[in-house]
Amino acid sequence: MLRSLLVPRATVRSAFKQQSSLPTVVAPSAIGRLSRRSYATEAEEKDLVIIGGGVAGYVAAIKAAQEGLKVTCIEKRGVLGGTCLNVGCIPSKALLNNSYLYHQILHDTKHRGIEVGDVKLNLEQMMKAKDTSVAGLTKGVEFLFKKNGVEYVKGTGTFTNEHEIKVNLIDGGEQTVRGKNIIIATGSEATPFPGLEIDEKRVITSTGALALEKVPESMIVIGGGIIGLEMGSVWSRLGTKVTVVEFLGQIGGPGMDAEISKSAQKILKKQGMDFKVNTKVMGGDASGDKIKINIEAAKGGKEETLNAEVVLVAIGRRPYTAGLGLENIGLDTDDKGRLVIDSEYRTKIPHIRVIGDCTFGPMLAHKAEEEGVAAVEFIKKGYGHVNYGAIPSVMYTHPEVAWVGQNEQEVKASGVKYNIGTFPFSANSRAKTNMDTDGMVKMIADAETDRILGIHIIGAGAGEMIAEGTLAIEYGASSEDIGRTSHAHPTLSEAFKEAAMATYGKAIHF
């Protein structure tokens, strides 16, 4: 199977010789005392210094420590886990799960034979449950640092030269950290919308959407990608009238298969969300009681005004490198703000590597984790591997949408002849017993070799099921390989097997 990196990158090699290490100037036991007195200190050179304690950074730190390296991780937030654990993946999934339970109790229990009376939303308690999940996981990562011997420095790091980083400590004072190798893993931030000032109360990003103190009467979501749809669905379930405005002709982003996207939009609309696709936001005014958003057709047309109590700006994220002092070491970013790296995650300064959201590729936590492990392996062993053609994506609405590999529009554009097999959950026995039959599994395979090119799922449990698809693509499986593999009955995963059978032949149960 093809094991090389599957996404082209700019390859920049440098002949700079790594600087020799400096002797220890200050005893480690004295560093803390000096920093508390606000003196700059100089530490022994570590094998690896990581700037950023998010998913990319903390995974790299733990892996490096397991490999026997002396590691320091610098994190300015004061808690580990980055955006994902603190204001992203984890808290959003807590709200998605609990808001779904609330919505299901309200609308989907009577016909199941469950009589429920006087259902009330306690938003404050729902937010506390979310915070409890977050706190437990972030403390767990800090425990793993201690278990593996990773030094954790709480503060903001700035390069002073190619090997030294000055840290403005959260508790006051400064500390100098020196590394033989350095990894930048500073992540990303929400992209602002011109003309709308974010206050995280009325004009919000995903961060504000995770912390609203009351259920708004109405919400406009600018951007119909995964983040906008997930957070929009949370508040829609809790009673908010949600309108999603998307510039493209489909929701879910360009990576989502067009057929699956249409199905998702139809189901979410049935749940109460409104959509305006192929629509451009011209500007907004938040000065009144309601926020006014001016829109028009993406290709031009009559302007329309929408009003809402809250506006969620979800037009994507951008790399975060502010304050790193890149100018002090001669590193530049590209036109998208990303740090340029080669196939071993090295910048033009060979001992400085970059992983996660602040460089190329999809801004996904699991992609960042894989890069964290691979970058450390390059440092320690001289080789590493991430298959960028086998990185799954999941949208945690209900039903969930998940995919891996190429979508149909990408395969068609490539000119490769292909076969498609689909199987609806309406014909799946477990989905029927669960009374949750929306969606389907769709497979795309090379017509000549039968090798799987892409797998797309919309339905309950899609986010779990896609792992089988990712494994299939990683190992170069054919649709017949999957179709001839026994799947337990009755399970939702049988739809996966049946879609594979439909790709190279015919499904049994449809």
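Along the sequence shown, the residues carry numbers beginning at 1.
- With Asn434 contributing its side chain and Asp436 its backbone, the two residues share no donor-acceptor pair below 3.5 Å.
- By the 4.5 Å heavy-atom criterion applied to side chains, Met219 and Leu212 are counted as neighbours.
- Proximity of His366 to Ile391: side-chain heavy atoms (C-beta onward) are separated by under 4.5 Å at one or more points.
- The CD1 atom of Ile455 sits 7.5 Å away from atom OG1 of Thr470, with the distance rounded to the nearest 0.5 Å.
- Side-chain contact between Val141 and Leu137: absent, with no pair of heavy atoms (C-beta onward) separated by less than 4.5 Å.
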Inset, instruction - Would you check, one step at a time, whether the test side chain to side chain contact (heavy atoms under 4.5 Å, CB included) holds for Glu246 with Lys276? - result: CA-CA 6 Å; Glu246 169 56 48; Lys276 290 184 177 293; over 6 Å; no

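- Within 6.0 Å of CD in Glu217 there are 12 or fewer heavy atoms belonging to other residues, nucleotides or ligands.
- Between the side chain of Glu498 and the main chain of Ile508, a donor-acceptor pair closer than 3.5 Å is present.
- Taking every heavy atom of both residues into account, Leu123 and Leu238 meet most closely at CD1-CD1, 4.2 Å.
- The neighbour count for Lys292 NZ, taken as heavy atoms of other residues, nucleotides or ligands under 6.0 Å away, does not exceed 12.
- Considering every non-hydrogen atom in both Gly249 and Asn278, the closest pair reads CA-OD1, 3.2 Å.
- Contact of the Leu312 side chain with the Met231 side chain is registered, since non-hydrogen atoms from C-beta on lie closer than 4.5 Å.
- Between the side chain of Thr305 and the backbone N or O of Asn294 there is no donor-acceptor pair closer than 3.5 Å.
- In terms of modelled atom types and a separation under 3.5 Å, the side chain of Glu230 and the main chain of Ile227 share no donor-acceptor contact.
- For the side-chain hydrogen bond (donor to acceptor under 3.5 Å, both in side chains) test, residues two or more places apart in sequence or in another chain that qualify with His487 are Glu468.
- Each of Ile222, Ile198, Ile293, Val311 was compared with Phe193 under the side chain to side chain contact (heavy atoms under 4.5 Å, CB included) criterion, and only Ile222 meets it.
- For the side-chain hydrogen bond (donor to acceptor under 3.5 Å, both in side chains) test, residues two or more places apart in sequence or in another chain that qualify with Asp481 are Ser478.
- Looking at Thr449, its side chain does come within 3.5 Å of a backbone N or O of Arg451 through a donor-acceptor pair.
- Separation of atoms CD1 (Ile184) and CD1 (Ile355) is listed at 10.5 Å; rounding is to 0.5 Å.
- With values rounded to the nearest 0.5 angstrom, Met363 atom CE is found 10.5 Å from Thr83 atom OG1.
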Can you give me every donor-acceptor pair (side chain of residues 124-132, partner residue at least two apart or in another chain, under 3.5 Å) with its distance?
unit_1: Lys130; atom_1: NZ; unit_2: Leu210; atom_2: O; d: 2.6
unit_1: Thr132; atom_1: OG1; unit_2: Lys128; atom_2: O; d: 2.9

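- Glu200 and Thr205 share a side-chain donor-acceptor pair at under 3.5 Å.
- Considering Lys214, Arg202, Lys290 as possible partners of Glu309, the one that fulfils the salt bridge (Lys or Arg N to Asp or Glu O under 4.0 Å) test is Lys214.
- Ion pairing of Arg317 with Glu189 is absent here, as no side-chain N (NZ or NE/NH1/NH2) approaches a carboxylate O to less than 4.0 Å.
- The closest side-chain heavy-atom distance from Leu492 to Asn428 is below 4.5 Å.
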Can I get a per-line list of side-chain donor-acceptor pairs under 3.5 Å for residues 266-275, giving both atom names and the distance, sequence neighbours left out?
unit_1: Gln271; atom_1: NE2; unit_2: His398; atom_2: O; d: 2.6
unit_1: Asp274; atom_1: OD2; unit_2: Lys241; atom_2: NZ; d: 3.0

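- Taking Ser99 as the reference, Arg237 meet the side-chain hydrogen bond (donor to acceptor under 3.5 Å, both in side chains) condition, with sequence neighbours excluded.
- Residue Tyr504 places its OH atom among more than 12 non-hydrogen atoms of other residues, nucleotides or ligands, all under 6.0 Å distant.
- With no hydrogens or angles considered, a side-chain donor-acceptor pair links Tyr418 and Glu408 at under 3.5 Å.
- For the residue pair Asn419 / Thr503, no side-chain donor-acceptor distance below 3.5 Å is found, with atom types taken as modelled.
- Across Cys89 and Ala365, no two heavy atoms sit closer than the pair SG-CB, 4.1 Å.
- Side-chain atoms of Glu369 never come within 3.5 Å of backbone atoms of Val55 as a donor-acceptor pair (strictly under, hydrogens ignored).
- Listed for the Ser414 side chain is a donor-acceptor partner under 3.5 Å among the backbone atoms of Val411.
- With hydrogens and angles disregarded, a donor-acceptor distance shorter than 3.5 Å links the side chain of Glu75 to the backbone of Arg77.
- For Pro399 against Ala460, the heavy-atom pair with the smallest separation is CB-N, 4.0 Å.
- For the residue pair Pro424 and Phe510, the shortest heavy atom distance occurs at CG-CE1, 3.6 Å.
- Residues Ile466 and Val404 form a side-chain contact, since some pair of their non-hydrogen atoms from C-beta on lies under 4.5 Å apart.
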Inset, instruction - Just do the side chain to side chain contact (heavy atoms under 4.5 Å, CB included) check on Ile251 and Leu229 with the steps written out, would you? - result: CA-CA 8 Å; Ile251 64 170; Leu229 294 175; 3.9 Å; yes

Inset, instruction - Output, in order, the C-alpha distance, side-chain angles, deciding distance and verdict of salt bridge (Lys or Arg N to Asp or Glu O under 4.0 Å) for Glu259 and Lys442. - result: CA-CA 9 Å; Glu259 183 180 9; Lys442 176 178 180 177; 2.8 Å; yes

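- A donor-acceptor distance shorter than 3.5 angstrom exists from the side chain of Asp334 to the backbone of Arg338, with no hydrogens or angles considered.
- Using modelled atom types, no side-chain atom of Ser236 and backbone atom of Gly232 make a donor-acceptor pair closer than 3.5 Å.
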Legend entry - Criterion side chain to side chain contact (heavy atoms under 4.5 Å, CB included) on Thr347 and Val340, from CA distance to verdict: CA-CA 6 Å; Thr347 64; Val340 178; over 6 Å; no

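- Distance check: His456 NE2 to Thr422 OG1 gives 12.5 Å after rounding to the nearest 0.5 Å.
- A ring-centre distance under 6.0 Å is not found for Phe360 and Tyr345.
- Summarising the geometry, atom OG belonging to Ser218 is positioned 10.0 Å from atom CG belonging to Leu306; distances are rounded to the nearest 0.5 Å.
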Inset, instruction - Dump the intermediate steps for side chain to side chain contact (heavy atoms under 4.5 Å, CB included) on Met440 and Phe423, then the final yes or no. - result: CA-CA 5 Å; Met440 66 174 177; Phe423 191 84; over 6 Å; no

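- The shortest distance between side-chain heavy atoms of Gln250 and Lys262 does not fall below 4.5 Å.
- In terms of heavy-atom proximity, Ala500 sits nearest to Gly483 at CB-N, 3.7 Å.
- With sequence neighbours left out, His107 forms a ring pair (Phe, Tyr, Trp, His ring centres under 6.0 Å) with His103.
- At a threshold of 4.5 Å between non-hydrogen side-chain atoms, the residues Val401 and Val394 do not count as touching.
- Rounded to the nearest 0.5 angstrom, Arg430 CZ and Ser493 OG are separated by 9.5 Å.
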